[in-house]
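Chain letters run A, B, ... following the sequence lines, proteins first and then strands; every chain starts at 1. Basis for what follows: all heavy atoms, side chains included, without hydrogens, waters or symmetry-related copies.
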Amino acid sequence: MFSFKSKAFHARSFQSLASSERSERAREFFTGLLPSTLQNLAPQRSYFMSGLRVRFAPSPTGYLHIGGARTALFNYLLARKEKGTFVLRIEDTDVARSTQESVDAILQAMEWLGLSYDEGPFYQSERFDLYRQKVQQLLDSGKAYRCYCSAEELEARREAALKEGGKPKYDRTCLRRTEAPEGSPYVVRFQVEDEEGVTAFDDRIKGTITFRNDELDDLIILRSDGTPTYNFVVVVDDAEMGINLVIRGDDHINNTPRQILMYKALGYPVPGFAHVPMILGADKTRLSKRHGATSVMVYREMGYLPEAMVNYLVRLGWSHGDEEIFSMSDLIDKFTLEAVGKSAGVFNPEKLLWLNAHYIKTGDPARLGKLLLEYLAAEGIDATRGPDPAAVVVTLRERARTMVEMAKGAAFYYVPEVTYEAEAAAKFLTEAQRPVLESVTARLEALETFDEEAISQAFGMVMEETGLKLGKVAPPVRVALTGSTVSPSVYEVIAVLGREQTLQRLRRAAAAIS
RNA sequence: GGUCCCUUCGUCUAGCGGUUAGGACACCGGCCUUUCACGUCGGCGACACGGGUUCGAGUCCCGUAGGGAUCACCA
């Protein structure tokens, strides 16, 4: 079983936990599952978990986007499948660009998707003491050195090197420096040793990847303002938090060899790596705002269900034979890194929409009914009075692909007075149709039970009486009840609306003909 | 430009030396039908290219081309 090496981390982890109500809740949840004698072990980690420790480490500089969500999902799925531990860490070492709003947005999006974590969220901004200590360790052991070159100098040298066709690599001016300039600002660089050698790792998705060490730069690990940089803290934290498999976007492949060198220099075991391919836009470039919505929470606003998003995201780059539909528990059962593809995938909103329609069609009407209320409210419709939302969902679920579409389609049920579409009224609310409306009104009024079966029979009698086919009877009724020529089946609409509303709308329509 | 990664229908993918190269989304058409949908049946449509290895390559190897990522005191 894993044990924490660093006292500093031990103390700080509790500090972070205490700062987060969410992780308190997670802790209580797991604690409740344990025998009372073991409960005081629970805060650190649950005893029934396996050794796998993975993490999601977003940078809080914006909302949770599609790509990040998929990375988080893969981590989550593998942790749950292997009964491992899923750690959430907030990478906010760039204090200027990080915001609490972004942290909240990311947490909210993960909750919406159903991605729960076991430890964290840990904030790197609260762990600077640890990082400085580790920088000092490297300095003391001669594996890092101070560099006094200014950012402007470096930039100039980089450009010069590039212009001559050379590599924009740090020239190690300060490694050879014998006398440190008194009081000058400096950064700390990690020294890449063994320049003749290679650094290789066996990526769980991509296979073996090898880099020549002389391609690697002496990267900056501590800025002149004393704050550490990403490539360093990610190593320290992943090691200190006992992460043994790093699942992240493949834009990090190029960072991996120097991170491995730092693990070794700090005396840490090197974790496994799994680099998941990027998500591209339709033009095959990295997904960005100009490709449309990339924030997962914007999809919620657009009426998407979280299970559709999860299902779509996982199938983008992963497959299980010919299967397309996966619930979260299916995925926890079936997900493997071996079945993750190597190549980047194009984000296809059409397929997401199809999946969303599927989950609307098959979802629990009571749950969707509650959701519908929220989307109706967003449309400015008060649905506190009127038909049961669950019944409304049943009439609309086969013709709405998003909850927003459903809300628009459901509006007529709840408006106090239907607005007739001009063309619909002109065609179906005319003197010629008045007898039909009156006959339907009379038959429905006489009904003892008001269900679809009885309603259907009533229409049968109307057709007999008037000698008209349903194709002539239904349209004026539809317009009278919904204001539109497009709606669910009129029988369903009548049943859901109820006798009182139906008759009232029928009479109003007949009266409107004049 | 250097380095690294990738390459089966428009898109997501199945395939793990022998298949009429399968499925899904999208698109087109038929059927169903009280509107719109749903559903259902069918159609269109791919192994980037060139060399090898092999009795036999989408599958293995090497090139080429194309695409992507990365080269910061961002993460």
Peer 1: For A:G249, report the nucleic acid contact type (base, sugar-phosphate, nothing); a contact means any heavy atom under 4.0 Å.
Peer 2: nothing

Peer 1: Quick one, A:R290 and A:D283 - any side-chain contact, counting heavy atoms below 4.5 Å?
Peer 2: yes

Peer 1: A:D250 side chain to A:I253 main-chain N or O, any donor-acceptor pair under 3.5 Å?
Peer 2: no

Peer 1: Got a list of protein N/O to nucleotides 25-28 of chain B N/O distances below 3.5 Å?
Peer 2:
unit_1, atom_1, unit_2, atom_2, d
B:C25, OP1, A:W354, NE1, 3.4
B:C25, O2', A:K351, N, 3.4

Peer 1: Side chains of A:L245 and A:R204, heavy atoms from C-beta outward: is any pair under 4.5 Å?
Peer 2: yes

Peer 1: Over all strands shown, is A:D203 touching base, sugar-phosphate only, or nothing at heavy-atom distances under 4.0 angstrom?
Peer 2: nothing

Peer 1: Quick check on B:C73: is either OP1 or OP2 less than 4.0 Å from any side-chain nitrogen or oxygen of A:T229?
Peer 2: no

Peer 1: Rounded to the nearest Å, what distance is computed from the CD1 atom of residue A:I221 to the C1' atom of nucleotide B:A72?
Peer 2: 16 Å

Peer 1: Can you give me the N/O atom pairs linking the protein to nucleotides 60-67 of chain B at distances under 3.5 Å, or say none if there are none?
Peer 2:
none

Peer 1: Look through every strand shown and name the nucleotide pairing with B:C27 as Watson-Crick or G-U wobble, where both distances are under 3.5 Å.
Peer 2: B:G43

Peer 1: Are A:W318 and A:F326 an aromatic pair, judged by ring center distance below 6.0 Å?
Peer 2: yes

Peer 1: Run the numbers on A:T441 and A:R505 for side-chain hydrogen bond (donor to acceptor under 3.5 Å, both in side chains), then give the verdict.
Peer 2: CA-CA 10 Å; A:T441 306; A:R505 291 183 185 200; over 6 Å; no

Peer 1: Would you classify A:F211 as touching base, sugar-phosphate or nothing, given that sugar-phosphate means primed atoms plus P, OP1 and OP2, and contacts are heavy atoms under 4.0 Å?
Peer 2: sugar-phosphate

Peer 1: As a test of reading the structure: which of B:U34, B:U11, B:A75 is closest to the side chain of A:L470, going by heavy atoms?
Peer 2: B:U34

Peer 1: Given B:A75, B:C6, B:U34, identify the nucleotide with an atom nearest to the side chain of A:K342.
Peer 2: B:C6

Peer 1: Roughly how far apart, to the nearest Å, are B:C6 and B:A48 at atom C1'?
Peer 2: 13 Å

Peer 1: Tell me whether the side-chain N or O atoms of A:E398 pair up with the base of B:G39 as donor and acceptor below 3.5 Å, since no angle test is needed here.
Peer 2: no

Peer 1: Look at the side chain of A:R286 and decide which nucleotide, out of B:A37, B:U70, B:G23, has an atom nearest to it.
Peer 2: B:U70

Peer 1: Have a look at A:K472 and say if it touches a base, only the backbone sugar-phosphate, or nothing, with a 4.0 Å heavy-atom cut-off.
Peer 2: nothing

Peer 1: Would you give the length of the straight line joining atom CG of A:D202 to atom CD1 of A:I209, rounded to the nearest 0.5 angstrom?
Peer 2: 9.0 Å

Peer 1: Tell me which of A:R70 and A:I220 sits closer to the 5' end of RNA chain B, going by the nucleotide each one is nearest to.
Peer 2: A:R70

Peer 1: Side chain of A:S343 only, please: which of B:C4, B:C12, B:U7 is the nearest?
Peer 2: B:U7

Peer 1: Could you tell me whether the phosphate oxygens of B:A75, OP1 or OP2, come under 4.0 Å of any side-chain nitrogen or oxygen in A:T93?
Peer 2: yes

Peer 1: Counting only Watson-Crick or G-U wobble pairs whose two distances fall under 3.5 Å, which nucleotide matches B:G18?
Peer 2: B:C55

Peer 1: Answer yes if the ring centres of A:F56 and A:Y117 are under 6.0 angstrom apart, and no otherwise.
Peer 2: no

Peer 1: Would you say the base of B:C73 and the side-chain of A:S224 have a donor-acceptor pair closer than 3.5 Å?
Peer 2: yes

Peer 1: Under 4.0 Å, counting only non-hydrogen atoms across every strand here, what does A:P58 touch: a base, just sugar-phosphate, or nothing?
Peer 2: nothing

Peer 1: Would you classify A:V346 as touching base, sugar-phosphate or nothing, given that sugar-phosphate means primed atoms plus P, OP1 and OP2, and contacts are heavy atoms under 4.0 Å?
Peer 2: sugar-phosphate

Peer 1: Between A:T395 and A:Y413, does a side-chain hydrogen bond (donor to acceptor under 3.5 Å, both in side chains) hold up when you go through it step by step?
Peer 2: CA-CA 11 Å; A:T395 69; A:Y413 282 115; 2.8 Å; yes

Peer 1: Decide side-chain contact (heavy atoms from CB on, under 4.5 Å) for A:V188 and A:R132; before the verdict, give the C-alpha distance in whole Å, the side-chain angles of both, and the deciding distance to 0.1 Å.
Peer 2: CA-CA 11 Å; A:V188 176; A:R132 285 196 197 100; over 6 Å; no

Peer 1: What interatomic distance, in whole Å, is found between P of B:A26 and the corresponding atom of B:C41?
Peer 2: 15 Å

Peer 1: Given B:A14, B:G23, B:U34, which nucleotide is nearest the side-chain atoms of A:A474?
Peer 2: B:U34

Peer 1: Under 4.0 Å, heavy atoms only, any strand: does A:T485 hit a base, just the sugar-phosphate, or nothing?
Peer 2: base

Peer 1: Under 3.5 Å for both donor-acceptor distances, Watson-Crick or wobble: does B:G1 have a partner, and if so which one?
Peer 2: B:C71

Peer 1: For the residue pair A:Y299 and A:F347, categorise the inter-ring angle as parallel (less than 30°), tilted (30 to 60°) or perpendicular (more than 60°).
Peer 2: perpendicular

Peer 1: Taking atom P in both B:C31 and B:C36, what distance in whole Å separates the two?
Peer 2: 14 Å

Peer 1: Roughly how far apart are A:M262 CE and A:F190 CZ, rounded to 0.5 Å?
Peer 2: 6.0 Å

Peer 1: Suppose you measure atom P in B:A24 against the same atom in B:U35; what distance do you get, rounded to whole Å?
Peer 2: 27 Å

Peer 1: Need one value for A:E324: base, sugar-phosphate or nothing, where a base atom within 4.0 Å counts as base even if backbone is also close, heavy atoms only.
Peer 2: base

Peer 1: For B:U34, give its Watson-Crick or G-U wobble partner with both distances under 3.5 Å, or none.
Peer 2: none

Peer 1: In whole angstrom, give me the gap between the C1' atoms of B:A14 and B:U19.
Peer 2: 12 Å

Peer 1: Sticking with atom C1', work out how far B:C60 lies from B:C44, rounded to a whole angstrom.
Peer 2: 33 Å

Peer 1: OP1 or OP2 of B:A72 sitting under 4.0 Å from any side-chain N/O of A:R158?
Peer 2: yes

Peer 1: Check every strand shown and say whether A:R212 touches a base, only sugar-phosphate, or nothing at a heavy-atom separation below 4.0 Å.
Peer 2: nothing

Peer 1: A:D218 and side chain to side chain donor-acceptor pair (under 3.5 Å): which partner among A:R172, A:R189, A:R258?
Peer 2: A:R172

Peer 1: Taking RNA chain B as the partner, which of residues 251-262 of chain A come within under 4.0 angstrom of it by heavy atom?
Peer 2: A:D251, A:H252, A:I253, A:N254, A:N255

Peer 1: Quick one about A:D237 and A:Y131 (side-chain donor to acceptor, distance below 3.5 Å, no hydrogens or angles considered), yes or no?
Peer 2: yes

Peer 1: For the side chain of A:K206, counting heavy atoms from C-beta on, which of B:C5, B:C36, B:A75 is nearest?
Peer 2: B:C5

Peer 1: Now, which nucleotide makes the Watson-Crick or G-U wobble pair with B:U7, with each of the two distances under 3.5 Å?
Peer 2: B:A65

Peer 1: I want to know whether A:Y304 and A:Y312 have ring centres closer than 6.0 Å.
Peer 2: no

Peer 1: Is it the case that the base of B:C38 and the side chain of A:R399 share a donor-acceptor contact (distance under 3.5 Å, atom types as modelled)?
Peer 2: no

Peer 1: Quick one, A:E405 with A:R399, criterion salt bridge (charged side-chain N to carboxylate O under 4.0 Å, His left out). Give me CA distance, side-chain angles, the key distance, then yes/no.
Peer 2: CA-CA 9 Å; A:E405 281 183 14; A:R399 57 205 95 218; over 6 Å; no

